[in-house]
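In what follows, a structure is listed as structure tokens, so that the remarks can point back to it.
This structure is a prediction, so every number in the text was calculated from the model and none was measured. The first residue of the sequence shown is numbered 1, and numbering continues consecutively from there.
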Amino acid sequence: MSDEHEMAYARIESLEGLLQRGRGLGAVRALRDPQEAAAFVYDGIRRDWRWDSTDDRCLYLARLVRDLDLSLTPVLRRLTGDEETCLRACDVLELLALSGSEAAREALRTYIREGEHWARVLESVSIGWPTEWWDDLGDVARARIGEEPELPWCFEPWTRFGIEVRNRLPDPRPTLDGLGTGELLTLLRDERTDEEDKFDALRALNRREPDAGLLPLVPALGTSDGRRPLPLLRRAVERLDTLAVPAARGWAMDRRPWLAELGADVLADHPSPEDLPGLVRELAGQWSARAWCGPDRTARRLARLGPDAAEALPYLRRFWLHTPHSYERAAYLKSLAAIDRGGLDHAWSESLWDCEETARLTAIASAPAAPETLERIAALRDDPMETPEVRAAARERLASTECADGTGTAMGTGMITSARSF
């Protein structure tokens, strides 16, 4: 969160509190009362209400500025603030430009010519915009780069403009994708294989179907100092899912801390019915402490126990409704569905408006096929600000639905207006 002021979240029942948390219900209620919502939307750009840097707000806020037809003036004013404030405004304006706002596009181009934090803004638009929107700013960049206290780190757009950067592209390493799975496992098994080659082998393995042949090699795949697992090893083990459990029992007893931790995590992620009371107590304790970071992992573990974990439902609902750590919200909804899908239609529908991509993706797959829901999915499909993954998922959902020709925004009377029944 921003430390500009002492910040406390507003009550979850209020429009202000919903918008601060990036809840879908906040977006829906804002569309019903733009005049009340305007100050809260602008405040979300002025101050960073994210609980953690993994949370997302810029698309949520940009969409509200556009859909509520709010003036850009307060957003443009934030470009003159400190770097953090400037870049929050920049993120919103970048997306509004993609949505067709010429004013937003020209404001950022003007800022690159004249503004204080122009280099960071130029780097940002070079990632998010079509090349032709910023490629003609090379003369500006070459003229202004001398004002900067140090050379930039990023390659783009600087190398395109012939400007030296501090970072250097590493020599490309040969890909191991052409090797068979057995050959990759042989590389990992060979003590003569250096760590970089083992890293490349693990990366190649993670791009294909998991193979249990990795499991007996895991204890030998620590770093040379014996302090941690090789990069990507944990991901490779996680992809093996339940196949890793028998081996993990032995790892958990190992004297090497990194291997014992890996084993313990695998076992914890695959709980048995005997673990259920402890997991419920853990989640209840996290709720009592308002521990917003971490309960998503507890929730995922409870989800594996299915309907037997019904005792955890009240806590999962509370976390989904109240958490300011929006990145974790989708995990709570998925866990609720794994334990009891009943009564979640409103939660799925609301999540189509959520600030988090993972929540929108989950909702697209699971929301009921009501006309207003399909209209919202069609709006996500057609929104140039939306992520490619969400747009693709929306296209797929609509293609499999008889009402695939629905378009527009979901503002009909059937749209969710409260968390009733949830």
Which pair of non-hydrogen atoms, one from L205 and one from R239, has the smallest distance, and what is that distance? O-NH1, 3.3 Å
Consider only side-chain N and O atoms of D43 and W49, and report whether a donor and an acceptor are under 3.5 Å apart. yes
Any donor-acceptor N or O pair under 3.5 Å, side chains T358, E356: no
Check the surroundings of atom CD in E123: do more than 12 heavy atoms from other residues, nucleotides or ligands lie under 6.0 Å from it? yes
Is it the case that the side chain of E328 and the backbone of G294 share a donor-acceptor pair, with hydrogens and angles ignored and the cut-off at 3.5 Å? yes
OH of Y60: more than 12 outside heavy atoms within 6.0 angstrom? yes
Quick one: does any side-chain atom of R381 pair with a main-chain N or O of A394 as donor and acceptor, under 3.5 Å? no
Measure the CD1-CG distance between I127 and L122 for me, rounded to the nearest 0.5 Å. 10.0 Å
Would you indicate whether E83, at its atom CD, is surrounded by more than 12 heavy atoms from other residues, nucleotides or ligands within a distance under 6.0 Å? yes
Using a cut-off of 6.0 Å, state whether more than 12 heavy atoms not belonging to R227 lie near its atom CZ. no
Do the side-chain N and O atoms of S326 and R57 include a donor-acceptor pair separated by under 3.5 angstrom? yes
Establish, yes or no, whether the cationic atom of R249 lies under 6.0 Å from the six-membered ring centre of W251 and within 45° of the ring axis. no
Answer yes or no for R329 and Y332: cation-pi contact, defined as NZ/CZ to six-membered ring centre under 6.0 Å and angle to ring axis within 45°. no
Could you tell me whether R105 sits above the aromatic face of W134, with NZ or CZ closer than 6.0 angstrom to the six-membered ring centre and within 45 degrees of the axis? no
Just checking, any donor-acceptor pair under 3.5 angstrom between side chains of H117 and D82? no
